[in-house]
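Contents: one structure, followed by commentary.
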Amino acid sequence: MHTKMKAKYIILLAATLGLASCDFLDREPLDFGSEDSYYRTVDDIRIAVNDFYEILPTNSSLWGGLYTQDVQSDNQCSAGAQNLFYRGEKKTVKIESSQWNFSNLRGINFFINKTEERIEAIVGNRDYVNHYLGEGYFFRAYDYFRLLRNYGDAPILTTVLGDDKAELTAASVRSPRNEVARFILSDLDKAITLLMEKAPESGRITRDAAWALKSRVALYEATWEKYHAGTCFVPGNSKWPGAATWPGFQFKAGSAEAEIEWLFDQAIEASQVVADAHALDADYASMFNSAGTFGDDDEVILARYYLNGVLSHSCSAFLRSGGGCGLTRAAVNSFLMANGLPIYADGSGYHGDEVSYYEFQDRDTRLTSSVRPGGRLINTTQVDGKYVNDTIYYWKPYIYMSGNEKSTTGYELKKWLSDDAAQRIQYSCTTAVPLFRSAEARLNYLEAYYERHHSLDAKCAQYWGELRSRAGVSTDYAKTIAATDLTKENDLAVWSRSQEVDATLYNIRRERRCELIAEGLRLDDLKRWRALDMMNGRGNVGENKDLYTGYQPEGFNLWTEMYKMYSSKEIDETVVSQSNISKYLHPLQVSSTSAAYEGYDFPKQHYLEPIPISEFLLTVDGATGASSIYQNPGWPQKADGTADYGYDCD
């Protein structure tokens with residue numbers, strides 16, 4: 001067995017089984033942290049930190065994973081409506097069903113504290129000791145980023161707390177979101193100084209993984225603070241719910257504008273480090289269905305790995321049919337023609353959408369790598385210039401199926417789908433799941449640099465050209481920008497704060513959408529850009545403009561030509577939306593009883609998650625009778641409560 005493959009399997013076993021004898025986090029920290037038992041050798045701390053790999057995203061052994069996360073966006077649709085995007089069904093939840101969870105952070109803090117306390121006495125390779133400590137700082141930053149994205153303001157905890165109620169109540173005070181972001185970036189700076197360039201084992205966190213996360217976090221917070229400035233979602237104004245808790249609040253950089261600029265500078269630096277160290281892989285599609293490991297210099301910087309019989313998922317097993325999801329027409333229309341023109345531009349050569357197979361011709365190859373188009377020729381095998389037989393086959397999207405086998409839009413996801421029949425069996429998929437790629441670092445640099453300087457430098461030109469070249473698209477991005485008509489773009493990223501952005505920034509966002517399609521990052525992008533303000537009737541374009549009160553996700557053109565591939569029963573009114581509604585599939589309009597039949601109308605109160613009611617009861621100050629924490633804007637301090645949709649977030 002290859003050395004790297006052995007190492008990969010060791011990581012899998014450690015992460016899933018805790019190496020059988022040392023599943024530390026199942027016990028209370030003070031029980032497993034005895035100096036006499038653990039934290040004495042480099043192997044002790046390696047085993048301890050292995051457990052934290054479980055907080056990284058994965059594809060499930062059941063349905064779901066990174067390949068379905070974009071259903072909570074305008075990129076993909078599932079069979080049911082997403083209550084994040086409409087009023088009335090999303091409610092405050094119990095803590096066990098929420099993201100307001102600090103259990104992993106408690107274990108990580110114990111690991112960091114104990115390792116630093118014992119570091120001089122730990123026996124073993126000093127570089128390895130520092131590396132595993134660096135992994136701890138990475139994981140704390142990663143888990144705090146989860147809290148930042150979901151809640152904004154959060155308590156900053158660096159030690160394991162005892163049972164004293166006064167201590168716990170004081171520690172529960174939420175810090176302003178910009179300071180949480182700075183704390184995350186500080187942890188990543190520590191990780192960068194400790195982590196090795198090449199990890200001790202394949203599949204572990206590396207220094208460049210920390211740079212990549214720093215790039216992602218800094219860009220996220222910079223754009224959030226820019227586009228939500230002056231609202232209840234950013235500190236430093238009277239609408240912010242933390243104003244009473246932090247009456248003397250000041251941005252560390254001196255002003256809101258300077259804070260944003262500092263964050264953009266952090267993103268630019270981190271992005272360049274990663275992009276310059278990792279070239280793009282030549283084959284885009286193979287990164288998402290590889291059963292092997294990625295090399296130290298590959299585009300994929302960090303991935304989740306699997307081993308049959310130890311840890312597996314079922315991604316290809318579901319995607320071999322419809323997968324219970326599908327790309328939207330809006331996402332498909334964002335992909336350029338190979339000549340660099342949008343599909344609506346004069347001279348683009350667009351073939352129309354009557355048949356998906358022809359719709360995809362001469363397009364960005366990331367589209368054809370990511371979507372299985374209906375009507376495409378299946379049997380293309382030739383012998384001496386002739387087909388093996390004279391039968392022509394066409395792909396028939398699974399729009400007639402139900403549940404997790406249904407193709408909800410007709411644009412079936414091919415990205416993440418393995419061609420290996422052995423990978424298409426449930427519980428048997430072992431293809432790796434890329435988590436950080438240098439392509440994202442290039443995109444982060446483009447966006448951060450343009451937002452910071454309102455211009456593009458030589459690195460922007462280089463990185464943009466590399467991304468487009470691999471996608472088989474003309475590298476002349478200026479041609480694309482000049483041909484862009486924002487009124488014809490079916491993309492929520494056209495807007496921030498309900499205002500159109502300029503064509504250059506939009507095309508940077510377009511590039512990001514196309515490169516990272518179905519990788520679970522779209523919702524974060526829409527939130528930080530404040531683009532969800534337009535997920536309502538105003539966000540519809542084309543024939544849907546002014547037709548619906550809500551935003552209608554669409555699928556492929558069924559009712560012009562493609563319907564001929566199906567029996568009448570397969571596409572009756574109980575299965576798909578009918579031609580009297582639109583020639584395009586409308587997944588939300590299959591049933592008139594759908595909660596979002598008229599489309600999505602995103603409430604601004606949903607930009608942040610509600611804190612569970614139990615947390616307010618547990619943090620009551622004995623002297624004042626009030627909780628030491630505050631609820632997020634518009635949400636009640638009661639169980640099973642919906643947001644106050646009249647709450648003024650602006």
Quick test of your reading of the model: are R470 and E515 salt-bridged, counting only N-O distances below 4.0 Å? yes
- Do NZ/NE/NH1/NH2 and the carboxylate oxygens of R510 and D491 come within less than 4.0 Å? no
Are D533 and R538 ion-paired here, with the side-chain N under 4.0 Å from a carboxylate O? no
* Asked: Y142 vs F138 aromatic rings, parallel, tilted or perpendicular, using cut-offs 30° and 60°?
  -> parallel
For D364, the side chain to side chain donor-acceptor pair (under 3.5 Å) test, sequence neighbours excluded, returns R366
The salt bridge (Lys or Arg N to Asp or Glu O under 4.0 Å) partners of E519 (sequence neighbours excluded) come to K415, R437
So the ring pair (Phe, Tyr, Trp, His ring centres under 6.0 Å) pairs with at least one residue in residues 257-286 (sequence neighbours excluded) are Y284-F288
From the list W529, W240, Y607, Y220, ring pair (Phe, Tyr, Trp, His ring centres under 6.0 Å) with H228 holds only for Y607
Those residues at least two apart in sequence (or on a different chain) that pass side chain to side chain contact (heavy atoms under 4.5 Å, CB included) with A199 are H131, R204, T206
Is the NZ atom of K479 crowded by more than 12 outside heavy atoms at less than 6.0 Å?
-> yes
Those residues at least two apart in sequence (or on a different chain) that pass side chain to side chain contact (heavy atoms under 4.5 Å, CB included) with Q69 are L66
The complete set of ring pair (Phe, Tyr, Trp, His ring centres under 6.0 Å) pairs with one or both residues in residues 479-500, sequence neighbours excluded, reads none
Contacts of T159 meeting side chain to side chain contact (heavy atoms under 4.5 Å, CB included) (sequence neighbours excluded), chain-then-number -> N113, L161
*Sidechain N-carboxylate O distance under 4.0 Å for R497, D650*: no
- Query: Any side-chain donor-acceptor pair under 3.5 Å between R140 and N109?
  - Reply: yes
Under 4.0 Å between a Lys/Arg side-chain N and an Asp/Glu carboxylate O for R304 and E54? yes
In terms of heavy-atom contacts, does NZ of K198 have more than 12 from other residues, nucleotides or ligands at under 6.0 Å?
no
Sorted by chain and residue number, the salt bridge (Lys or Arg N to Asp or Glu O under 4.0 Å) partners of R528 (sequence neighbours excluded) come out as E447, D525
Practice item. Mind telling me whether Y445 and Y449 have parallel, tilted or perpendicular rings, with 30° and 60° as the class edges? Key: parallel
Residues pairing under ring pair (Phe, Tyr, Trp, His ring centres under 6.0 Å) where one sits in residues 175-212, two or more places apart or in two chains, turn out to be Y144-F183
Quiz item: Does the cation-pi check pass for R509 over Y227, that is, NZ or CZ under 6.0 Å from the six-membered ring centre and within 45° of its axis?
Solution: yes
R177 meets the salt bridge (Lys or Arg N to Asp or Glu O under 4.0 Å) criterion, sequence neighbours left out, with E221
Those residues at least two apart in sequence (or on a different chain) that pass salt bridge (Lys or Arg N to Asp or Glu O under 4.0 Å) with R174 are none
Worksheet item: Does the side chain of Q82 pick up a donor-acceptor pair with the side chain of Y600 at under 3.5 Å?
Response: no
Across all chains, not counting sequence neighbours, the side chain to side chain contact (heavy atoms under 4.5 Å, CB included) partners of A258 are A253, S255
